[in-house]
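This report refers to the structure that appears directly beneath it.
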Amino acid sequence: MPLQSESEACAGAVSPLTRPQLAEARRMRAAEMFERGCTQPEVARAVGVCLESVRRWRRVWEQEGTAALRRRPAGGRPPKLDDAQAAAVRQALEQGAQAHGFEADLWTLERVGVVVERVSGVTLARASVWRLLTGRPAGVESAAAPASGRRRGRV
């Protein structure tokens, strides 16, 4: 198979794989190579990982099969907001802080938390509010991050 240039590879409609997807693809390729009888050092070189990882994968593959090398769903507590609630909160935040009764059009974690509770009925801790904002809409800022149009040092 001929190698593609970077521009040709990027021009395709296929989106790039995430890190977990790449890791799973490596493990699946290793499983295929195990089935063909390749040695562990050959697999390590071909897949681009250390020999210890290949040994661990081989042990799992021998005991539980290829399916055991697939990604597992993320564990942990489910999110407090479902996708529809998170979308409603983001839409509310895009209206600006003044639209929700705040004097200044400035978002703080506390203010966002108040809006989350009004819109969804769910109370979030400050850390959870921050996690919700990691993909925040344009215009939403923390008190520590001034808007681009505001001059520092002026009162």
For the atom pair CG (L69) and CZ (R56), what is the distance rounded to the nearest 0.5 Å?
10.5 Å

Spatial distance of atom CZ (R111) from atom CG (L106) [nearest 0.5 Å]:
5.5 Å

Can you find a heavy atom in the side chain of [X] that is under 4.5 Å from one in the side chain of [Y]?
| X | Y | result |
| --- | --- | --- |
| L93 | L133 | yes |
| V115 | W107 | yes |
| Q98 | E103 | no |

Give me the atom names and distance for the closest heavy-atom approach of [X] to [Y].
| X | Y | answer |
| --- | --- | --- |
| K80 | T123 | NZ-O, 3.5 Å |
| V43 | A30 | CG1-CB, 3.6 Å |
| A97 | A104 | CB-O, 3.6 Å |

Short N-O contact, E62 and R58, less than 4.0 angstrom:
yes

In one Ile/Leu/Val/Met/Phe/Trp/Tyr side-chain cluster, 4.5 Å: V60, M28:
yes

Can you name the residues that form a salt bridge (charged side-chain N to carboxylate O under 4.0 Å, His left out) with E32, not counting sequence neighbours?
none

Test salt bridge (charged side-chain N to carboxylate O under 4.0 Å, His left out) applied to E52 - qualifying residues, sequence neighbours left out:
R55

Any donor-acceptor N/O pair, [X] side chain to [Y] backbone, under 3.5 Å:
| X | Y | result |
| --- | --- | --- |
| S53 | V49 | no |
| E117 | V114 | no |
| E64 | W61 | no |
| R27 | V54 | no |
| Q95 | H100 | no |

For L132 and R90: C-alpha separation, side-chain torsions, deciding distance, then whether side chain to side chain contact (heavy atoms under 4.5 Å, CB included) applies.
CA-CA 9 Å; L132 177 68; R90 285 194 174 90; 4.1 Å; yes

Which donor-acceptor pairs under 3.5 Å do the side chains of residues 33-41 make with protein atoms, sequence neighbours left out?
residue: T39; atom: OG1; partner: E42; partner atom: N; Å: 3.3
residue: T39; atom: OG1; partner: E42; partner atom: OE1; Å: 3.3

Could you please spell out the steps behind the side chain to side chain contact (heavy atoms under 4.5 Å, CB included) verdict for Q85 and V119?
CA-CA 8 Å; Q85 289 172 314; V119 171; over 6 Å; no

Name the one of R72, R19, R71, R29 that satisfies side chain to side chain donor-acceptor pair (under 3.5 Å) with E24?
R71

